[in-house]
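Computed from a predicted model, the values in this text were never measured in an experiment.
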Amino acid sequence: MGWLGAGRAARRAHARAVTHQAASVLLGYPDALFFERLPLAARAAAELPKSQSRTLLLEFCEHASSTPELELAEHYVDVFDLKRRRALHMTYYTDGDTRRRGHALAEIKRVYTEAGWRVEARELPDHLAVMLEFAARGDMDTGQELLVDFRSGLDLLSQSLEEHGTPYARVVDAVRYTLPPPRRADEERVRRLAQEGPPAEDVGMEPYGARPRVPLPLTDVTRKPQ
């Protein structure tokens with residue numbers, strides 16, 4: 001690749017990590033901590049090279065900073081908590097309400113653990129904000145692969161947010177611009193999901209944590225001390 005190519009690759013990786021970190025903050029529930037971090041996310045986005053991701057993140061930051069806190073919180077609940085089609089938990093799109101989802105959650109937790117990350121309690125490991133945090137500050141290559149694995153869910157989430165007319169679509173689209181172009185199989189999977197919805201079972205989902213490798217729900221992701 002040579003030193004020039006290596007430098008460009010490093011800058012692209014850095015911009016991708018910044019985009020993921022900013023998006024992780026912006027997809028969090030708009031509480032006091034969110035508004036404390038919002039200026040930092042906006043400053044980080046502003047320092048990105050000119051790109052679609054930069055533009056989209058800055059547009060959302062402007063929207064969030066100019067919207068009353070209570071109004072933004074109510075909108076967040078309306079967008080993400082009341083409609084499963086707009087869920088931020090990525091395994092819902094691939095595994096729905098099936099027993100497989102518990103295994104998928106455990107697998108994501110295993111990925112975090114093998115990368116040397118400790119996850120702490122509150123959110124599930126497949127929450128998009130958590131996955132983005134890992135991709136930004138953990139193992140960037142593994143985190144990117146994880147996002148690519150769930151790109152059909154990201155694409156369907158983007159479509160649903162666009163249909164709802166929410167500015168949160170810009171944050172998800174900023175993330176999608178950091179991924180490689182979708183393959184034909186990815187596009188077909190999104191079409192199928194849009195028509196049929198995620199899989200479901202009458203018996204319900206196997207309880208998360210029923211197997212020996214039990215992932216904890218989490219709010220933050222931090223590197224394990226060496």
Side-chain angles (χ1 to χ4, degrees), residues 16 20 23-24 27-28 79-115 117 119 122-136 138-164 166 168-169 171-219 221:
R16 189 177 70 202
H20 290 165
S24 175
L27 288 174
V79 171
F80 296 117
D81 292 354
L82 301 181
K83 288 290 185 181
R84 305 176 82 181
R85 191 178 179 86
R86 299 192 291 268
L88 285 171
H89 292 93
M90 293 293 98
T91 61
Y92 175 70
Y93 298 98
T94 55
D95 299 286
D97 287 327
T98 70
R99 287 169 290 185
R100 293 197 311 271
R101 189 177 173 207
H103 305 325
L105 291 167
E107 180 63 17
I108 296 173
K109 171 58 166 50
R110 183 190 63 78
V111 170
Y112 293 161
T113 300
E114 290 187 354
W117 282 66
V119 291
R122 194 172 73 181
E123 269 296 355
L124 292 173
D126 67 331
H127 193 286
L128 182 54
V130 176
M131 295 174 69
L132 289 167
E133 178 83 4
F134 174 72
D139 186 319
M140 287 192 292
D141 291 336
T142 302
Q144 180 77 347
E145 291 174 6
L146 197 59
L147 292 169
V148 170
D149 286 343
F150 286 96
R151 77 164 305 138
S152 59
L154 282 169
D155 290 346
L156 186 59
L157 174 59
S158 171
Q159 289 182 15
S160 299
L161 294 175
E162 290 284 356
E163 290 170 3
H164 189 63
T166 172
Y168 278 102
V171 183
V172 173
D173 285 345
V175 173
R176 293 171 64 235
Y177 275 115
T178 68
L179 304 180
R183 299 165 299 180
R184 182 173 298 177
D186 297 321
E187 295 172 343
E188 177 57 33
R189 191 174 297 114
V190 173
R191 282 194 292 270
R192 188 168 62 251
L193 275 171
Q195 292 173 355
E196 303 173 4
E201 285 179 347
D202 292 337
V203 295
M205 186 182 80
E206 179 177 313
Y208 178 49
R211 295 207 157 210
R213 286 190 304 211
V214 180
L216 295 173
L218 48 124
T219 47
V221 186

* Structure fact -> So CZ of R100 and OG1 of T94: to nearest 0.5 Å the spacing works out to 8.0 Å
* **S160 and R86: side chain donor to acceptor below 3.5 Å** => no
* **Contact check, side chains of L147 and H20, non-hydrogen atoms, under 4.5 Å** => yes
* Asked: Rounded to the nearest 0.5 Å, what separation is found between the CG atom of L161 and the CG atom of L156?
  -> 9.5 Å
* Heavy atoms, side chains only, cut-off 4.5 Å: are V111 and F134 in contact? -> yes
* Asked: Would a 4.5 Å heavy-atom cut-off, applied to side chains only, mark L154 and L179 as touching?
  -> yes
* To do: Check the angle between the aromatic planes of Y168 and F80 and answer parallel, tilted or perpendicular using the 30° and 60° thresholds.
  => perpendicular
* Any side-chain heavy atom of D173 within less than 4.5 Å of one from E162? -> yes
* Structure fact -> So CG of L105 and NE2 of H89: to nearest 0.5 Å the spacing works out to 8.5 Å
* Taking only residues two or more places apart in sequence or in another chain, which ones pass side chain to side chain contact (heavy atoms under 4.5 Å, CB included) with E163? -> none
* To do: Give the minimum heavy-atom separation between A87 and L157, together with the two atoms involved.
  => O-CD1, 3.8 Å
* To do: For Y93 and F150, run ring pair (Phe, Tyr, Trp, His ring centres under 6.0 Å): C-alpha distance rounded to whole Å, both residues' side-chain angles, the deciding distance at 0.1 Å, then the answer.
  => CA-CA 8 Å; Y93 298 98; F150 286 96; 9.1 Å; no
* Structure fact -> Heavy-atom nearest pair, P125 first then M131, reads O-CG, 3.6 Å
* To do: Search all heavy atoms of R176 against all heavy atoms of D155 and return the closest pair with its distance.
  => NE-OD1, 2.7 Å
* Could you grab the distance from atom CG of L146 to atom CD of E107, nearest 0.5 Å is fine? => 9.0 Å
* Side-chain touch D126/R101, heavy atoms, less than 4.5 angstrom -> yes
* Would you check if the side chain of R151 reaches a backbone N or O of P180 as a donor-acceptor pair within less than 3.5 Å? => yes
